[in-house]
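In the text below, chain A, chain B and the rest are named by the order of the sequence lines, each starting its count at 1. These numbers come from the heavy atoms of this one structure, side chains and all, not from hydrogens, waters or symmetry mates.
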There are 2 protein chains.
Amino acid sequence: MDPNSSQRASVTVADVARKAGVSKATAARVLGGYGTVSDRVRDAVTVAARALDYRPNELARSMTTGRSGTIGVVVGDIENPFFSLAVRGITDIARQAGFTVILINSGEDVSAEKAAIRTLVAKRVDGLIVSPAKESDVEHLREAARSGRPLALLDRGSEAFEVDTVIADDRHAAAGITRQLIELGHRRIAYITACDTPDRVFHTPNDINTGSVRRRVEGFLDTCREAGLPAMERWVYMGAVTPEQTRQIAKRMLEGKNRPTAVIASDSVIGLEIFKTSRLIGLAIPQELSLISFHDADWTAVTSPPVTVVRQPVYQLGETAAKLLVERLNGNDTAPRKVVLRTEVVERASVARLLED
Amino acid sequence: MDPNSSQRASVTVADVARKAGVSKATAARVLGGYGTVSDRVRDAVTVAARALDYRPNELARSMTTGRSGTIGVVVGDIENPFFSLAVRGITDIARQAGFTVILINSGEDVSAEKAAIRTLVAKRVDGLIVSPAKESDVEHLREAARSGRPLALLDRGSEAFEVDTVIADDRHAAAGITRQLIELGHRRIAYITACDTPDRVFHTPNDINTGSVRRRVEGFLDTCREAGLPAMERWVYMGAVTPEQTRQIAKRMLEGKNRPTAVIASDSVIGLEIFKTSRLIGLAIPQELSLISFHDADWTAVTSPPVTVVRQPVYQLGETAAKLLVERLNGNDTAPRKVVLRTEVVERASVARLLED
DNA sequence: TTGAAAGCGTTACCAC
DNA sequence: GTGGTAACGCTTTCAA
């Protein structure tokens with residue numbers, strides 16, 4: 001009815017041009033901030049635009065320029081503090097570089113990840129940051145990369161896939177804490193992760209599709225082997241996907257008579273459940289059970305005892321991935337780079353020498 | 001050079017149509033899944049599309065349809081577990097309804113929030129979910145809403161602003177825990193929040209721009225007044241924005257000779273720092289200091305003692321906001337709804353009766 | 001059921 | 001400097 005008050009249809013450059021008494025092309029120049037215009041005209045257009053409350057349509061702009069000013073990010077689970085911190089790093093850098101972030105959760109599910117990437121590509125994001133659910137299944141990523149859209153991998157690389165990648169030195173970190181536990185006399189050391197196999201039994205590191213976790217388990221097993229502890233495969237517990245599942249696994253694991261004397265938790269969400277469970281069943285940390293967790297989550301410092309953790313530079317992980325991507329977006333066309341960020345063990349009080357067995 | 005291998009330019013409906021030997025319109029019909037086509041033609045087009053590896057351009061699609069299939073979300077800080085959980089709720093519902101989420105951090109800064117909304121509107125999101133940094137400063141939100149884009153407010157309403165809103169019963173929750181503390185004999189009760197004023201001194205609840213926090217402080221002060229504790233305004237501590245700042249405030253607060261005997265932390269990030277600080281300066285919880293925190297963060301259950309908290313239905317907060325928005329997007333045109341979700345006090349062991357003073 | 005052509009709101013090229 | 005106009009890739013009348 002009243003096209004003035006209920007401004008359903010948004011005002012366009014054409015409207016502004018008409019009001020300012022110039023051509024569409026000229027109005028577009030000042031509104032888009034490109035080309036050259038006289039000061040007089042610039043002012044006229046600016047005034048008209050303000051009067052009409054002109055808002056550029058980025059969609060149309062993207063259509064013609066081919067760039068959307070958007071970075072697509074696919075992570076496993078934004079609820080996990082690891083990812084929310086990494087995403088914070090990504091968005092900070094992205095915004096700084098003038099990009100908007102579209103975020104999609106994969107729920108660590110490959111088919112969801114594929115759908116997410118299809119959506120993102122359809123929306124014509126300028127680049128992608130992905131933490132692949134399975135590093136063995138990256139054909140969709142290859143394809144996205146081949147389509148000319150820069151791609152950066154976060155936290156999980158793929159050795160057979162040459163793209164910009166930012167990971168932590170997981171293998172080294174795992175080896176380090178494993179060695180430490182062994183030196184303290186531990187022999188029955190468990191590693192527990194959310195990763196899973198169809199039969200929920202761990203056979204070889206190749207069973208593990210999540211790059212970062214596979215590297216950690218390799219570090220764990222290799223170190224055990226070097227120390228003369230063979231066949232530690234049976235101490236790798238899988239399927240700790242939800243807190244509930246983790247609790248069940250932890251209970252079974254810790255209540256058995258041949259229970260581990262030390263546990264390595266693959267992330268802080270798992271670490272928390274191990275901590276809760278050990279308390280629940282009355283297993284004293286660190287006297288009866290040593291615990292080391294990956295990810296220096298905030299709570300790990302305030303428990304009694306505080307938990308020894310592998311501190312990963314999570315924010316920087318995200319930051320770096322975004323930086324690499326932005327460089328590509330700005331035309332950098334060099335060979336793919338693999339960045340490995342250093343971790344650090346934060347010694348607290350959840351680890352103790354094994355007294356006797 | 002070789003337009004076949006390096007498929008820079010993406011394949012369009014026109015390409016598919018040509019290959020299938022039909023018109024652009026027909027190809028578009030089967031590719032877009034609308035209108036009616038014969039089975040023969042449908043197959044031909046489908047085959048051609050697959051052969052060419054056609055990927056729809058959502059941008060172009062949005063241009064003509066006017067809808068982008070996108071929801072814009074603006075939160076204070078994705079790093080805060082409160083928001084990451086709420087965002088999880090939003091994205092789950094959004095994906096289920098076929099929408100993608102664009103996420104922007106405001107850093108609790110109004111001007112950043114304004115910029116975010118401008119960006120989102122420019123990208124022609126179909127709807128917006130915002131947790132406004134300042135509820136007094138919502139003109140940009142009003143405007144976004146007026147432009148015909150549905151808007152839902154998350155966790156922070158604005159009483160003078162009629163839009164779909166989802167909040168928790170913060171006032172009631174704050175009143176409840178305050179009453180409980182008073183009944184336990186506490187008189188010097190502190191409330192500590194990230195909200196801030198220019199002079200960092202609290203005068204009246206109107207100083208507080210964050211809706212949820214203002215309601216809590218009102219509940220706190222009202223209850224104190226009713227209980228015959230006047231002028232409790234001086235026990236409201238502001239400016240706990242970063243963990244570092246919080247630590248400083250906590251130290252000053254807890255080391256003074258007239259220190260509080262009970263502290264209410266406005267969120268779990270603050271609660272954690274209070275906990276750390278009290279331990280650092282050797283103040284026993286709950287014997288020497290009672291602590292109640294808003295937000296049932298995972299760590300609160302595992303400290304010694306575990307922390308009594310106000311459990312907010314955070315995931316549902318996000319979920320509900322998304323649901324309201326999706327309904328609007330599907331044409332619901334009824335009056336704005338204000339949903340208030342119930343909180344619940346989880347009694348743990350960080351609160352004790354005040355022995356003597 | 002199919003095709004031709006007119007948009008959608010920009011940018012970008014090319015004359016003037 | 002400025003204006004006309006052709007893209008961009010899709011949807012959507014309107015005829016045939």
Side-chain angles (χ1 to χ4, degrees), chain A residues 7-46 48-49 52-70 119 121-126 147-148, chain B residues 7-46 48-49 52-70 119 121-126 147-148:
Chain A
Q7 45 189 58
R8 275 267 160 271
S10 42
V11 357
T12 73
V13 276
D15 299 325
V16 176
R18 200 173 314 122
K19 174 136 186 145
V22 298
S23 77
K24 211 176 63 169
T26 305
R29 272 189 277 263
V30 5
L31 261 18
Y34 56 92
T36 101
V37 277
S38 67
D39 287 354
R40 272 180 43 78
V41 171
R42 177 185 314 284
D43 289 349
V45 172
T46 308
L52 261 31
D53 190 30
Y54 166 79
R55 306 296 183 92
N57 183 334
E58 283 294 343
L59 250 39
R61 190 170 280 174
S62 302
M63 272 274 299
T64 54
T65 60
R67 288 171 300 99
S68 63
T70 303
T119 303
V121 169
K123 286 203 181 299
R124 295 298 191 262
V125 295
D126 293 335
S147 85
Chain B
Q7 46 189 59
R8 274 270 160 269
S10 42
V11 357
T12 72
V13 275
D15 299 325
V16 176
R18 202 174 310 122
K19 174 137 188 144
V22 298
S23 78
K24 209 176 64 170
T26 305
R29 273 189 274 262
V30 5
L31 261 19
Y34 54 90
T36 98
V37 278
S38 67
D39 287 356
R40 272 182 43 77
V41 172
R42 177 186 313 284
D43 289 350
V45 173
T46 309
L52 260 33
D53 190 30
Y54 167 78
R55 307 296 183 92
N57 184 335
E58 284 293 344
L59 250 41
R61 190 170 280 174
S62 302
M63 272 276 298
T64 56
T65 60
R67 287 171 300 101
S68 62
T70 303
T119 303
V121 169
K123 286 203 181 299
R124 295 301 191 261
V125 294
D126 294 334
S147 84

Whole angstrom is fine here: how far is it from CZ in A/R124 over to P in D/dC8?
13 Å
Taking side chain as C-beta onward, heavy atoms only, is B/T70 less than 4.5 Å from B/E58?
no
Under 4.0 Å, heavy atoms only, any strand: does A/T12 hit a base, just the sugar-phosphate, or nothing?
sugar-phosphate
Candidate nucleotides C/dA6, D/dG1, D/dT12, ranked by approach to the side chain of A/T36 - the nearest
D/dG1
Separation of D/dG4 atom P from A/R18 atom CZ, nearest Å, is 13 Å
What is the distance, rounded to the nearest whole Å, between atom NZ of B/K123 and atom C1' of C/dG9?
15 Å
When you measure from the side-chain N and O atoms of A/Y34 to the phosphate of C/dT11, is any distance below 4.0 Å, counting only OP1 and OP2?
yes
Looking at the side chain of A/S38, which of D/dT2, C/dA5, D/dA6 is the nearest nucleotide?
D/dT2
Using the closest heavy atom to pick a nucleotide of DNA chain C for each, name whichever of B/M63 or B/R42 lands nearer the 5' end.
B/R42
Checking C/dT10, D/dT11, D/dG3 against the side chain of A/A25 (C-beta onward), the nearest is D/dG3
When rounded to whole Å, the CG to C1' distance for the pair B/D15 and D/dC8 reads 13 Å
Tell me: CZ of A/R67 to P of C/dT11, nearest whole Å?
11 Å
Verify side chain to side chain contact (heavy atoms under 4.5 Å, CB included) between A/V45 and A/L31, making sure each step is shown before the conclusion.
CA-CA 8 Å; A/V45 172; A/L31 261 18; 3.8 Å; yes
Would you name the heavy atoms of A/P56 and A/R61 that are closest together and state the gap between them?
CB-NH2, 3.5 Å
Of the nucleotides D/dC10, D/dT11, D/dA6, which has the atom closest to the B/N57 side chain?
D/dC10
note: B/R61, atom CZ; C/dC8, atom C1'; distance rounded to Å ~ 15 Å
On a heavy-atom basis, which atom in B/V125 and which in B/S68 lie closest, and how many Å separate them?
CA-OG, 3.5 Å
Report the distance from atom CG of B/L59 to atom C1' of D/dC8, rounded to the nearest whole Å.
10 Å
Applying the side-chain contact (heavy atoms from CB on, under 4.5 Å) criterion to A/V30, which one of A/V22, A/T46, A/D43 satisfies it?
A/T46
Out of D/dT11, C/dT2, C/dT11, which has the shortest distance to the side chain of A/K24?
C/dT11
Could you check how far CZ of A/R29 sits from C1' of D/dT5, rounded to whole Å?
12 Å
May I ask you to verify if any side-chain N or O of B/S23 is less than 4.0 angstrom from the OP1 or OP2 atom of C/dA4?
no
From C/dA4, D/dT11, C/dT1, pick the nucleotide closest to the side chain of B/T64?
D/dT11
